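The structure presented is a predicted model; accordingly, all values stated were derived computationally and were not measured.
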Amino acid sequence: MDKFILNVIHRPEMVPEYSATVTGQGKEEDIGDKVLIGESLDIFKTQQRLAHENGLKCTIQMTYAALFNEEAVELAKQDHEKYGDEISLTLLGLPCEQFREKYKTKDFCIWMFSMEDKKAIVDDVFGKFYEIFGFYPESTGSYYMDADLTNYIKSKYPSVKCAVATCWEEGPKAYHTCNNSWYTLMDGGPWAPWIPSKQNTHAPAANAAEDSGIVAIPHLSRDLIACYDGNGSNFGTHPQNVLRGMSYDTKTWEYPYLYNLIDQYRDLEKYNNGYAYNMMFVGPGWMNKAGRWEQPYELLVKSYADGCKYYGDLKKEGKLVDMTMSEFADYYREKKGVNAGNYNEPECALWRDILYGSDKQLFWYCDPYMRACANMDQGGAIVDLRPYAAKLEWPVGIGTKHVQDASYPFLIQEKYRAGYFTHYAGAGTVRSAKLNYNGEEVDLCLTPTHAHFSEEMIDGKKNRILTLDPVTIEFRDLTIKLQTREYFEEGSSNIKIERTILEMSNPEAVVTLDEYMTACYGTTEYPEDMTGIILTAKNASQVETINYEYRCRDAKVENATEVSAVVPAIDTFVSMTPSADAVGYIEEGYAFSPMFKFGFKKTISDKEVFATWLNLAKAN
């Protein structure tokens, strides 16, 4: 069995992104403030000391500003020699006197610059690194790295094999909780390491031709429920996230949630062939002497010391392996990608609530064709779906259509497009089913349950399977026990959902099962233009088509073989296919509810099984 892998990453920022404002209140901005720089180095030393005291190897991501500081350079060299720390290079921490003077801007997010400036900045930073250390780095990173940036770095500096490449669910929710001021929209990517495609950083490569040449890791390991429901900055294995989210005892300064979160990441080895990963990526800004928000400096240091000790104890017990970023990239390449011949191996996480005391479970699935989330609180409904199969090319930065928005678009997203639970009219995005009997209707979104994970070979192909506990549906004069199984076939770009009627209080009764998907596309809460979408329902001899015009039209065909939608704006073809004869239908939305819907209606009885496949492909 593999062990729990840990990356600890520190960056000696000379102008920490928060400290300059927190410690500089009431002062004129001085980006070369010697006191601030000195304090920043002291914090970096403390972080390094705490990791090393607990036997943990670090990756030191030198910032551009740090490359001009002799003490920071010497510290990195010393810890590389003494502890085996990797000397790396981050594209965070660009602001300094030298950078401002050369580029005449206060921008600091590398992916937001024009492509021309991205190349110039990368060459400056990598050139300075080589000048100082005599070699090029093997790892780099930022909050986000777009595909064009990654491709340029890999072609110009082939030594780079690993990068911090996205910040999980850093989208509109984080934007709102930062008072609408944090323009880093990068929602929709993997939560665990992956090999990015050349076309889109979020979407994993499906083969060697798509392989960007690097292994990507997320910026922080997040709580896959709390972060999805709310602001990710409050729920991660960076100790400051836990403090910022107030998930600790303010009297005792204890934080069992931090340890539970680390343990849940350890637990992911159950769903990923014995492999689990966690990372802690910190700069000095959050640990300054003035404190941060409501936390004093003493608590900030204690939390980091305790976090390092927890990891260190796991290592002593043989339950954790600490690696540098480049070491991890080599390890990961042996497990996945061209070396192992299994680009299609998915990342899975059956995640339970460990913060609020609920029974809520989410299942996250990510492979080169999709990212999907099933919510057991809603009967296993699909509540987030990103069509990676499209490998959508999405240039980001000044001079593109997406200056700030680097998110991968969704077809379903319950937080931004309502999900099942809507106000009073219209519909939200969700993939679920309804049961109809004598004029009564029940949506399976109203049947909370729990799931159990398994892996099976079916027709020679690996399947990750969710088996949901049966649910009981009560009509006025009929009770039904129904079970759902969801199949994620490796490399198939589809999700099979199978419903089985286990029991009926009246075995002679017949009910109608409505398997449906309500969808749209976008990256935020705000609607996009739906014109251009083409809805189709067909059987062996009939085709019904609706070109989306917000006119609330619908169509259906008997014995349908497929219902589908082409969404040209995101190069996506999405369809559903049935396991048996059923009525296929398509529905166009309207301006107040700009969605589209398709599905199958099938009459079923006791002990009957009906399955549908949700399929994704790149639109021609």
* Stepwise salt bridge (Lys or Arg N to Asp or Glu O under 4.0 Å) test for Arg485 and Glu456 -> CA-CA 13 Å; Arg485 298 187 92 200; Glu456 294 179 25; 3.4 Å; yes
[X]: which residues meet the ring pair (Phe, Tyr, Trp, His ring centres under 6.0 Å) condition with it, sequence neighbours left out?
X      : answer
Tyr420 : none
Tyr255 : none
Tyr265 : Trp351
Trp194 : none

* Asked: Parallel under 30°, tilted from 30 to 60°, perpendicular over 60°: which one fits the rings of Phe126 and Tyr136?
  ->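 Phe126 vs Tyr136 ring planes: tilted.
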* Parallel, tilted or perpendicular: which fits the ring planes of His10 and Tyr304, with parallel below 30° and perpendicular above 60°? -> tilted
* Please say which of Lys315, Lys57, Lys3 ends up in a salt bridge (Lys or Arg N to Asp or Glu O under 4.0 Å) with Asp322. =>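 When salt bridge (Lys or Arg N to Asp or Glu O under 4.0 Å) is applied between Asp322 and each of Lys315, Lys57, Lys3, only Lys315 qualifies.
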* To do: Run through Lys391, Lys198, Lys618 and flag the one making a salt bridge (Lys or Arg N to Asp or Glu O under 4.0 Å) with Glu210.
  => Lys391
Side chains of [X] and [Y]: do they bring a donor and an acceptor to under 3.5 Å?
X      : Y      : result
Ser139 : Glu86  : yes
Asp469 : His452 : yes
Tyr369 : Asn494 : no
Asp211 : Tyr343 : yes
Glu347 : Trp191 : no
Asn278 : Tyr311 : yes

* Quick one: OG1 on Thr250 to CG on Leu243, what's the gap to the nearest 0.5 Å? -> 11.5 Å
* **CG on Leu350 to CG on Leu466, rounded to 0.5 Å** =>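 Between Leu466 CG and Leu350 CG, I get 6.5 Å after rounding to 0.5 Å.
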Taking the side chain as everything from C-beta on, heavy atoms only, tell me whether [X] gets closer than 4.5 Å to [Y].
X      : Y      : answer
Ile354 : Tyr257 : yes
Met186 : Thr201 : no
Pro387 : Val574 : no
Leu314 : Tyr310 : yes
Asp359 : Met376 : no
Gln47  : Leu50  : no
Gln295 : Tyr248 : yes
Lys335 : Tyr275 : yes

* Asked: Is the Phe363-Phe488 ring centre distance short of 6.0 angstrom?
  -> yes
* How about Tyr277 and Phe328: are their ring centroids closer than 6.0 Å? ->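 Judged by ring-centre distance (under 6.0 Å), Tyr277 and Phe328 do meet the cut-off.
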Is it true that [X] and [Y] have a side-chain N and a carboxylate O under 4.0 angstrom from each other?
X      : Y      : value
Glu327 : Lys161 : no
Lys461 : Glu490 : no
Glu269 : Lys319 : no
Arg49  : Glu53  : yes

Which heavy-atom pair separates [X] from [Y] by the least distance, and what is that distance?
X      : Y      : answer
Met517 : Leu614 : SD-CD1, 3.4 Å
Ile195 : Ile214 : CG2-O, 3.7 Å
Pro172 : Leu185 : N-CD2, 3.9 Å
Gly236 : Val242 : O-CG2, 3.5 Å
Cys162 : Ile217 : SG-CG2, 4.3 Å
Met280 : Cys308 : CE-SG, 4.2 Å

* Asked: Are more than 12 heavy atoms from other residues, nucleotides or ligands located less than 6.0 Å from atom CD of Glu455?
  -> yes
* Count the heavy atoms of every other residue, nucleotide or ligand shown that sit under 6.0 Å from NZ of Lys462, and state whether that count exceeds 12. =>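 At most 12 heavy atoms, drawn from other residues, nucleotides or ligands, come within 6.0 Å of this atom.
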* Can you list every pair that meets ring pair (Phe, Tyr, Trp, His ring centres under 6.0 Å) and has a residue in residues 200-247, with sequence neighbours left out? ->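 Checked against ring pair (Phe, Tyr, Trp, His ring centres under 6.0 Å) - neighbours excluded - the pairs reaching residues 200-247 are Tyr143-His219, Tyr144-His202, His219-Phe281, Tyr228-Trp364, His238-Trp286.
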* Would you check, one step at a time, whether the test salt bridge (Lys or Arg N to Asp or Glu O under 4.0 Å) holds for Asp263 with Arg266? => CA-CA 5 Å; Asp263 285 349; Arg266 292 172 59 204; 3.0 Å; yes
* To do: Applying salt bridge (charged side-chain N to carboxylate O under 4.0 Å, His left out), name anything that partners Asp187, two or more places apart in sequence or on another chain.
  =>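 Result, salt bridge (charged side-chain N to carboxylate O under 4.0 Å, His left out) vs Asp187: Arg386.
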* Could you go step by step and tell me if Glu169 and Arg222 meet the salt bridge (Lys or Arg N to Asp or Glu O under 4.0 Å) rule? -> CA-CA 9 Å; Glu169 299 310 275; Arg222 307 288 199 183; over 6 Å; no
